[in-house]
Amino acid sequence: MAETREYKGIALIRAEPPCGMITLRGGPDAAKGLATAGKRLGVKMPGPLGAELKDDRGLLWMSPDEVLMLCPAEDVPDHLDALRGALKGHHAMAVDTSDMRVRFSVSGAHAREVLAKLCPLDLAPDRFGPGHVRRTRLGQVAAAIWMRGDGAFEVICFRSVGQYVLDLLQVAAAPGSEVHLFSQPVG
Amino acid sequence: MLTFRCPVCGVDAEETELSPGGEAHLKRYGPGSSDEDFSGYLFQRENPRGVHFERWRHAYGCGKWFHAARCTQTLEVFGTYPAQTTEPPQEILDTITKKRPGWTWRELGAK
């Protein structure tokens, strides 16, 4: 899924080009080493359910002992070297998982609604916004959802179910399928 | 529809985001135990109408296990608590006693 693909319905669905992803896992004893990730990207360590993003890089909170690092693909080897150095001696790991997942973006006025059709989250604007990340169920598969500063949603899922998620998002964004959950019907 | 608050990540997760893990607080009997204890551990499960204690996993979310106390008849949730314990916390037991006076579950509850 290397090429960028787009679909325009009530929201714009894009299959985003690959980016670097590094899975970081470790307990509280490795917190100092894990914090290296934030320093290298110039972002804070995210708290529970938090996303700390800056342009095309950032950290996503995945679970109490797991953080996902997003960065340009070419930066992955350098980050890995630094992180593995920082985590040495701790029961922790930094692994290049760039090829494990695919990434989509959902943007436009009805983006919120398209995702709300597919996952059991409260996506009301005052409950979910930039700075939040949620791992959840999208249709029948696991996915993670967060919001960019520009109001677009980003969705990641395992590569093996990438086509399913793309199809699912396109069906949910079919023209004329607005249910106006978060907006007023026009006319 | 069941909704549990995951004690690990704090999310109010609904049933489809969770995986059930069966009865809670089983004591494992392994090699060297009596046949009776071992078969009890393997096969004997509570199937109450009312108060029940279960293990659940926030499978689509943070991926962690936790415990839940709920009523199988009304689906009322009395509370959730961390997996790292062998018995329910006192506050959960107090909540249940308040809502279901005289309840029992295995050796817990009214004597």
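In what follows, chains are A, B, ... by sequence order, proteins preceding strands, each numbered from 1. Just so you know, these numbers use all the heavy atoms, side chains as well, and skip hydrogens, waters and symmetry mates.
Within the 4.5 angstrom heavy-atom criterion, only side-chain atoms of L121(A), from C-beta onward, approach chain B.
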Just list the donor-acceptor pairs under 3.5 angstrom between chain B and chain A, please.
| from | atom 1 | to | atom 2 | distance (Å) |
| --- | --- | --- | --- | --- |
| T16(B) | OG1 | R137(A) | NE | 3.0 |
| T16(B) | OG1 | R137(A) | NH2 | 2.9 |
| E17(B) | OE1 | R134(A) | NH2 | 3.0 |
| E17(B) | OE1 | T136(A) | OG1 | 3.1 |
| E17(B) | OE2 | R134(A) | NH2 | 2.5 |
| Y60(B) | O | T136(A) | N | 3.2 |
| G61(B) | O | R135(A) | NE | 3.4 |
| K64(B) | NZ | D65(A) | OD1 | 3.1 |
| K64(B) | NZ | D65(A) | OD2 | 3.0 |

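Shown here for L49(A) and C9(B), the closest heavy-atom pair between the two residues is CD1-O, 3.7 Å.
The candidate with the highest count of non-hydrogen atom pairs below 4.5 Å against chain B, out of A142(A), C119(A), P48(A), is A142(A).
Counting heavy-atom neighbours within 6.0 Å of E46(B) CD, excluding the residue itself, gives a total above 12. Remark: R45(B) CZ is packed, more than 12 non-hydrogen atoms of other residues, nucleotides or ligands lying under 6.0 Å away.
L68(A) and V161(A) end up in different hydrophobic clusters when Ile, Leu, Val, Met, Phe, Trp and Tyr side chains are linked at under 4.5 Å. Following chains of ILVMFWY side-chain contacts shorter than 4.5 Å, one cannot reach V171(A) starting from L118(A), and the two form parts of different hydrophobic clusters. When hydrophobic clusters are built by joining Ile, Leu, Val, Met, Phe, Trp and Tyr residues whose side-chain heavy atoms come closer than 4.5 Å, directly or via intermediates, V43(A) is not grouped with L53(A). One hydrophobic cluster holds both L87(A) and M69(A) under the rule that ILVMFWY side chains link at heavy-atom gaps under 4.5 Å.
Within the structure, side-chain hydrogen bond (donor to acceptor under 3.5 Å, both in side chains) pairs that include any residue of residues 27-44 of chain B comprise S34(B)-D37(B) (at least two apart or interchain).
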